[in-house]
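Comments concern the structure below.
First listed ligand is number 1; within each ligand, the first listed atom is number 1.
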Amino acid sequence: MRETILDINMNKVKNPGLKVLLITGGAGFIGSNFIRYEIENYDNVVIINIDKLTYAGNLESLKDIEQKYGFSSENQEQRYFFIKGDICDRKLVDSLLSGKYFKDRGIEWGTHDARLMTPDAIINFAAESHVDRSILNAGPFIDTNIKGTQILLEAARTHWQIRNSKPETRSRFIHISTDEVYGSLGKTGKFTEVSPLSPNSPYSASKAAADLVCRSYYKAYSLPVIITRSSNNYGPYQFPEKLIPLMIKNALEGKKLPVYGKGANVRDWIYVEDNCRAIDLVLRKGNLGEIYNIGGGSEIENIKVVKLICDILKTNSRTQNLSPEIEYIVDPRGQAHDFRYALDCSKIKESLDWNSTLGFEERLRKTIDWYLSNRSWVKKVITGEYQEYYKQIYTRNS
Ligand code: NAD
Ligand code: DAU
C-alpha cells in the first residue's frame, strides 16, 4: 500500500500516531456516524466536534461516544471533545485552528500534548441539509453552507500556511458535498465528477456555491481541499424529516405515509457506513484538489422504497399489526424536485479501491430495526419546531 502524506505526518509528531480531526456538524446524521466510525476504527484519532445544534443536531446521537471517549478524568481514552458553536463564528474557528481555544481554557487532554491539539484535518459536514426547508426559507442555507464553509477555508488558510509549506506535515480539508449539485437526470445517464453543475433548489445551489469556493481555495492558495459528493444516505440516527425515517416514524405513529406526486422520482441510496468508509479513504489517500462521487448503486423509485418499508414492517414481529397507508400529496417541491440522481463512481472505485456493500433491502431492514429499537431517540429529537415544520409542509399539501 502506498504511504500517504497523512501517514508520514503521524510518524513525525511528538505523540506518534496521534491525529486530530476537526469535525463540523458532527451531531447530525452523517457526521455522528463518521465520528463513531473513526473513533472505533482508529485508536490514534482524536475528534473535536463543533456543532451549532440546530434542530438537526442532537447530542443524543453521540451519547455512547461521549460516555466512553469524552473529556472526563474517568475515561481512560479521552479522544472526543464537543464544542457547541457556529462555523460562521470566525473568532471561534480561528481559536480552534490556532490551539488558543484549549490553551485559554487551560484544558489538558489526558496524556496528549496540548500543543498538538490543533486539527490535522477538517471534515466539513455542517450544513442546512433539507431541500424542503430550503424552499421555505433559503437564508440559513446561504449563511451556513456558503459563508460558513468560506470561514472554515479562510481560517485554515491562515493557520495552515506555515505547516503546509512542509509537505510532510500537510493537512487536509475535506468538504462534504452532494450529488444534488449536478441537478436532475432523465431516465438514463449518470453524473461524473466533471458533469456541469446545475442545482435546482436553494439547498443544492448553496452546496454548489460552496463547492466552487472550495475549488477556488485549492487553485488560488493551494489549500489541501478535497470534495466528496454522495448520493442519498440512509441508516441510524437520520433525522425524521428525510424520506426513510419519516415513513418509519409515521407508520409507527399510525399516520399516513406522504408520497410527493406519484412517487416516481428516483434516488440512489447509500448506506451511511459505506459513505463513512469512503470519506475515510478520501481523507487518508485522496488526491488534493479532486472531487470524488460516492454512490450506493441502488437506484429506486420513491414509491418502491415506501412500499418496501411497509412490507418489512408487516413481516417484523414487533410491527406486524400495523397497516401503514400511503397518501399521495401535491409535490411541495414543484419544479425544484429533481427527477433522478445517479452517480458514476468509477473514480473512487478505481483510485481508492472503494465499493459500496450490496443489499438495499437488507440494509433497510437493519435501519428499520434500529428505529424500532431506538424509539426514545426519535421522541427526543422531535421538538415543537418539528411539529411546526411538519404542519407547514404536509398539512397544506394533503
Ligand atoms: P444533518 O442535517 O443531519 O446534520 C447537519 C449538522 O450540521 C447538524 O448537526 C447541525 O446542527 C449542524 N449545523 C448546521 N448549521 C451549523 C453551523 N452553522 N455551524 C455548526 N454546525 C451546524 O445533515 P446530514 O444529512 O448529516 O448531512 C451532512 C452533510 O452531508 C451536509 O453537508 C449535506 O449537505 C451532505 N450530504 C448529505 C446527504 C444525505 O443523504 N443526508 C447526502 C449527500 C451529502
Ligand atoms: O442526494 C443527496 C441528498 O439527499 C442530500 O444532499 C440531502 O441533504 C438529503 O436530504 C437528500 O435529499 P433528497 O431531497 O433526495 O432526500 P429526501 O429524503 O428529503 O427525499 C427523498 C425523495 O423522497 C425525494 O424525491 C422527495 C421524496 N419525499 C420526501 C419526503 C420527506 C416524499 O415523497 N415524501 C416525503 O415526505
Side-chain angles (χ1 to χ4, degrees), residues 23-34 49-59 61-62 83-89 92-93 123-135 140-141 143-145 147-149 151-152 175-182 184 199 201 203-204 206-207 210 228-235 237-247 250 256-270 272 275 279 294-296 300-303 305-306 326-329 331-333 336-343 381 390 393-394 397:
I23 310 282
T24 72
F29 167 45
I30 309 177
S32 61
N33 276 284
F34 184 76
N49 173 16
I50 170 175
D51 196 296
K52 188 178 172 183
L53 297 183
T54 68
Y55 76 91
N58 295 291
L59 291 180
S61 310
L62 289 163
I83 297 165
K84 182 175 188 298
D86 190 336
I87 59 165
C88 298
D89 181 345
L92 172 63
V93 172
I123 301 111
N124 183 27
F125 292 92
E128 289 292 336
S129 70
H130 193 38
V131 173
D132 298 288
R133 287 186 189 256
S134 80
I135 295 168
F141 289 74
D143 292 343
T144 289
N145 301 3
K147 188 71 191 154
T149 299
I151 284 172
L152 290 170
H175 179 67
I176 307 301
S177 186
T178 167
D179 60 1
E180 299 206 9
V181 296
Y182 299 119
S184 183
S201 71
Y203 162 68
S204 50
S206 68
K207 294 296 288 186
T228 69
R229 290 182 180 150
S230 90
S231 61
N232 286 61
N233 286 230
Y234 67 104
Y237 300 105
Q238 187 168 30
F239 192 76
E241 65 185 350
K242 307 281 163 65
L243 181 75
I244 291 178
L246 186 132
M247 296 299 154
N250 276 20
K256 290 185 179 161
L257 313 190
V259 169
Y260 298 172
K262 293 182 179 148
N265 302 61
V266 176
R267 296 292 181 266
D268 170 11
W269 295 95
I270 182 168
V272 64
N275 188 20
I279 296 167
I294 306 169
I300 316 180
E301 277 178 26
N302 292 343
I303 188 63
V305 174
V306 177
I326 291 170
E327 180 185 34
Y328 295 91
I329 66 168
D331 190 342
R333 298 186 185 181
H337 196 172
D338 294 329
F339 173 66
R340 174 173 163 261
Y341 305 130
L343 290 175
V381 303
Y390 194 93
I393 290 286
Y394 296 97
N397 291 317

Would you call D132 and R333 a salt bridge, using N to O less than 4.0 angstrom? yes
Option whose closest heavy atom lies nearest to atom 14 (C) of ligand 1, chosen from S231, A127, G148: A127
Does an N or O from T178, backbone or side chain, lie closer than 3.5 Å to an N or O of ligand 1? no
Among non-hydrogen protein atoms, atom 8 (C) of ligand 1 lies closest to D51 OD2, 3.6 Å
Side chain to side chain donor-acceptor pair (under 3.5 Å) assessment of E180 paired with Y203: CA-CA 9 Å; E180 299 206 9; Y203 162 68; 5.6 Å; no
Taking distance alone, with N or O pairs closer than 3.5 Å, would you say N232 contacts ligand 1? no
Per atom 29 (C) of ligand 2, closest listed option by heavy atom (W269, Y203, Y260, Y234): Y260
So which heavy atom on E241 is nearest to which on S129, and how close? OE2-OG, 4.4 Å
If you have a sec, work out which protein heavy atom is nearest atom 37 (C) of ligand 1 and how many Å separate them, to one decimal? I30 CD1, 3.5 Å
Do ligand 1 and C88 have nitrogen or oxygen atoms that lie under 3.5 Å from each other? no
What's the shortest heavy-atom distance between K207 and A127, and which atoms? NZ-CB, 4.1 Å
In terms of ring plane angle, is the pair F34 and F125 parallel, tilted or perpendicular, where the classes change at 30° and 60°? tilted
To which of D179, I176, D268 does the heavy atom nearest atom 2 (C) of ligand 2 belong? D179
Flag the pair I123 / T24 as yes when at least one side-chain heavy-atom distance between them is below 4.5 Å, and no otherwise. no
Enumerate the atoms of ligand 2 whose separation from the nearest heavy atom of Y341 is less than 4.0 angstrom. 1 (O)
Looking only at protein heavy atoms, which one is nearest to atom 2 (O) of ligand 1, and how far off is it? S129 OG, 2.6 Å
Closer than 4.0 angstrom, basic N to acidic O: yes or no for K52 and D86? yes
When you measure from the side chain of N232 to the backbone of R267, do you find a donor-acceptor pair of N or O atoms at a distance under 3.5 Å? no
I393, L343, N302, I30: member with heavy atom nearest to atom 23 (O) of ligand 2: N302
With atoms numbered from 1 as shown, which atoms in ligand 2 lie under 4.0 angstrom from a non-hydrogen atom of V259? 33 (O)
For E241, is at least one N or O under 3.5 Å away from an N or O on ligand 1? no
Minimum side-chain heavy-atom gap W269-L243 below 4.5 Å: yes
Taking NZ in K242 as the centre, count heavy atoms belonging to other residues, nucleotides or ligands within less than 6.0 Å. Is the count above 12? yes
A student comparing R333, H337, K242 should find that the heavy atom closest to atom 20 (O) of ligand 2 comes from R333
May I ask you to identify the nearest protein heavy atom to atom 30 (O) of ligand 1, giving residue, atom name and distance to one decimal place in Å? I176 CG2, 3.4 Å
Less than 6.0 Å separating the ring centroids of Y328 and Y260? no
Look at ligand 1 and say whether Y55 reaches it with a heavy atom at a distance under 4.0 Å. no
What do you reckon, does K207 put a non-hydrogen atom under 4.0 Å from ligand 2? no
Decide whether an N or O pair under 3.5 Å exists between I50 and ligand 1. no
Any N or O on N265 sitting closer than 3.5 Å to an N or O of ligand 2? no
Can you report which non-hydrogen protein atom sits closest to atom 4 (O) of ligand 1, along with the distance? G28 CA, 3.4 Å
Which of the atoms of ligand 2 are close to H130, meaning less than 4.0 Å from one of its heavy atoms? 19 (O)
Contacting atoms of ligand 1, where contact means under 4.0 angstrom from a heavy atom of G57: 8 (C), 9 (O), 11 (O)
Which atoms of ligand 2 have any heavy atom of Y394 under 4.0 Å away? 30 (C), 31 (C), 35 (C), 36 (O)
Quick check on contacts: which atoms of ligand 1 are under 4.0 angstrom from a heavy atom of K207? 31 (C), 32 (O), 33 (C), 34 (O)
Starting from atom 43 (C) of ligand 1, find the nearest protein heavy-atom neighbour and note its residue, name and distance. S230 OG, 3.1 Å
Nearest non-hydrogen partners of Y390 and L246, listed with the distance: CE1-CD1, 4.0 Å
Using a plain distance cutoff, I'd like to know if N58 has any nitrogen or oxygen under 3.5 Å from a nitrogen or oxygen of ligand 1. no
Among all protein heavy atoms, pick the one closest to atom 28 (C) of ligand 1 and tell me residue, atom and distance. F125 O, 3.4 Å
